[in-house]
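A note on names: the letters A, B, ... follow the listed sequences, proteins ahead of strands, and every chain is numbered from 1.
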There are 4 protein chains.
Amino acid sequence: MVIISLDLQSESPIYIQLRNKIIEGIASKQLRPGDPLPSVRTFAQDLGVNMHTVNKAYQLLKQDGFIQIHRQKGVVINPDGMPSVDGNYLANVRENLRPVISESVCRGMNKEELMKLIQEVYEEIQKGGEHDDLH
Amino acid sequence: MVIISLDLQSESPIYIQLRNKIIEGIASKQLRPGDPLPSVRTFAQDLGVNMHTVNKAYQLLKQDGFIQIHRQKGVVINPDGMPSVDGNYLANVRENLRPVISESVCRGMNKEELMKLIQEVYEEIQKGGEHDDLH
Amino acid sequence: MVIISLDLQSESPIYIQLRNKIIEGIASKQLRPGDPLPSVRTFAQDLGVNMHTVNKAYQLLKQDGFIQIHRQKGVVINPDGMPSVDGNYLANVRENLRPVISESVCRGMNKEELMKLIQEVYEEIQKGGEHDDLH
Amino acid sequence: MVIISLDLQSESPIYIQLRNKIIEGIASKQLRPGDPLPSVRTFAQDLGVNMHTVNKAYQLLKQDGFIQIHRQKGVVINPDGMPSVDGNYLANVRENLRPVISESVCRGMNKEELMKLIQEVYEEIQKGGEHDDLH
DNA sequence: GTGGTCTAGACCACT
DNA sequence: GTGGTCTAGACCACG
């Protein structure tokens, strides 16, 4: 599995960063449905954080359907596929996007520049996974 | 000035919400450079929040160059124009966008759908200001 | 507020017991929408358990819409009303009821006895609140 | 014997699920007093779970008088009849029912709806056995 | 003072 | 060995 780097000084909680990193891993196909994730304890040790912090990230991911916490196999990327884009999620994303886009507009970005930026990030995410298909 | 609605149960701090709402106001041209903003005290009372909270939002906005705070004239949208898109800001946006886009990808949105969503939000923001150009 | 008794020896986790007790309090109208709940710390001290245990119960209740965790007012019974009976919840209840009812059937209870038992518990819950309308 | 489906991601332990499924089988008369149950080993293999897990379920069932375990004859549904409804069991059921009923009340179910739900589940259980009286 | 986050360390149930 | 639960104690952001 690819190295996950956390910013322990960041304002955003570690468990949120971890959650996001794992989601990025899935988006970039470095992690695929059915793939195992480390146990809370070993992962915590590897990352240099507390067990509970990893657990909190796992609980979030489980709640949203990204992973399964299995009684036998441990933790795996949800083999039944990812959660879908429901109305609830869409509303959420819109609400998250609003301030970001607003600020960009204020700062003078036009629609084209914004679109280009989004596209760049989009491709950056996909590119993250093309180097190692094996993990 | 248009009514600002805050979600007091939201996970995001009130002062951040307030900051964002004001930025949205600027983006939608409901607030224009030179426009006055309420004093910390009256604004706090109108919103039903703590004075410190409004002050914190103002400090953030001032720091980023969105507003100016004068002892006599009070608070105004920066008449010298808005801050620009510097490398620092761009890097920040990218970092904020990554998890959102990643999750959308995981949930099965393709690039076109994502672009359409962004565009919708973009236009939604601009539309917010077309009703009352005066305030 | 009425005394809440927890069984620290029980097999069911304390935070689940606490969650249930609070729900029972709402069902019996000892707790009404808008009523405040103690802070995690004071409640923990009153109950003789750890802060995190109370917090976990609160998080569960918040997640299901029974309470709101308010930035200003602290924790309150959801003033906008209780969550409704959706399909998801119904399916859940059925799944929980199945083994209980099955075992009762095995042990020789007929439908009438079962109904009577349910009714008794139902009225027991409502009766819990008739003594003190004030809290 | 009818297929038993276990949810390996469920929060409730597998051996409890298994215990309950067998009790449901008895309640629906798919399993009758004297009927044999698979040996621990074969059952474990069929279900794809650990031998200890099946054993634990059997021990629980034996303890409550639902099954008998003989060294030679193997495991059978108790031919001397099922355990009865004693005060201990009743108190237990009431305690289990309380939170479920409370939550239903909170969510706005009235007594009639609740009764109807119970009745439905009750009949669902009985219906489970009408297809194959033989096994 | 409030909840949110994080740590360290412990016990237990489950498989 | 796994996750689940609980404790004690700490720091911080928020209001």
Inset, instruction - Find which nucleotide of DNA chain E each of I69(C) and S12(D) is nearest to by heavy atoms, and output the residue with the more 5' nucleotide. - result: I69(C)

Inset, instruction - On DNA chain E, check which nucleotide each of G74(C) and I16(A) is closest to and give me the residue with the more 5' one. - result: G74(C)

Legend entry - Side chain to side chain, V93(C) and E103(D), heavy atoms closer than 4.5 Å: no

Legend entry - Upstream residue (5' side of DNA chain F) when P13(C) and S39(A) are each assigned their closest nucleotide: S39(A)

Legend entry - Full working for side-chain contact (heavy atoms from CB on, under 4.5 Å) between F66(A) and N78(A): CA-CA 6 Å; F66(A) 290 104; N78(A) 194 337; 5.9 Å; no

Inset, instruction - Output the distance between atom CD1 (I26(C)) and atom CE (M82(C)), rounded to the nearest 0.5 Å. - result: 4.5 Å

Inset, instruction - Using distance alone, with no hydrogens and no angle criterion, decide if Y89(C) and S84(C) have a side-chain donor and acceptor under 3.5 Å apart. - result: no

Inset, instruction - Determine the minimum heavy-atom distance between K21(D) and S5(D), stating which atoms define it. - result: CE-O, 3.2 Å

Legend entry - Nearest-0.5 Å distance that lies between atom CD1 in I101(B) and atom CD1 in I23(A): 13.5 Å

Legend entry - Ranges pairing with ranges for DNA chain F, where each run has three or more Watson-Crick or G-U pairs under 3.5 Å: E:1-14 with F:1-14

Inset, instruction - Return the value, rounded to whole Å, for the distance between atom OH of Y15(D) and atom C1' of dC12(E). - result: 12 Å

Legend entry - Nucleotide dC14(E), atom P - distance to CD of Q59(D) in whole Å: 14 Å

Legend entry - Shortest non-hydrogen separation from I22(D) to L31(D) and the atoms involved: O-CD1, 3.8 Å

Legend entry - Positional range of nucleotides in DNA chain F within the contact set of chain B, heavy-atom, under 4.0 Å: dC14(F) to dG15(F)

Legend entry - Min side-chain heavy-atom separation Q17(D)-T53(D) under 4.5 Å: no

Inset, instruction - Output the residues of residues 47-58 of chain C in contact with DNA chain E, where contact means a heavy atom of the residue under 4.0 Å from an atom of the strand; sort by number or write none. - result: M51(C), H52(C), N55(C)

Inset, instruction - Rounded to the nearest angstrom, tell me the gap between atom CD in Q17(D) and atom C1' in dC14(E). - result: 12 Å

Legend entry - Euclidean distance, Y58(A) OH relative to L18(A) CG, rounded to 0.5 Å: 7.0 Å

Inset, instruction - Please tell me if the side chains of K73(C) and P36(C) come closer than 4.5 Å, counting only heavy atoms from C-beta onward. - result: no

Inset, instruction - Quick one: pull up CG in N55(D) and CG in N50(D) and give me the separation to the nearest 0.5 Å. - result: 10.0 Å

Inset, instruction - Please report, rounded to the nearest Å, how far the P atom of dT15(E) is from the NE2 atom of H70(A). - result: 12 Å

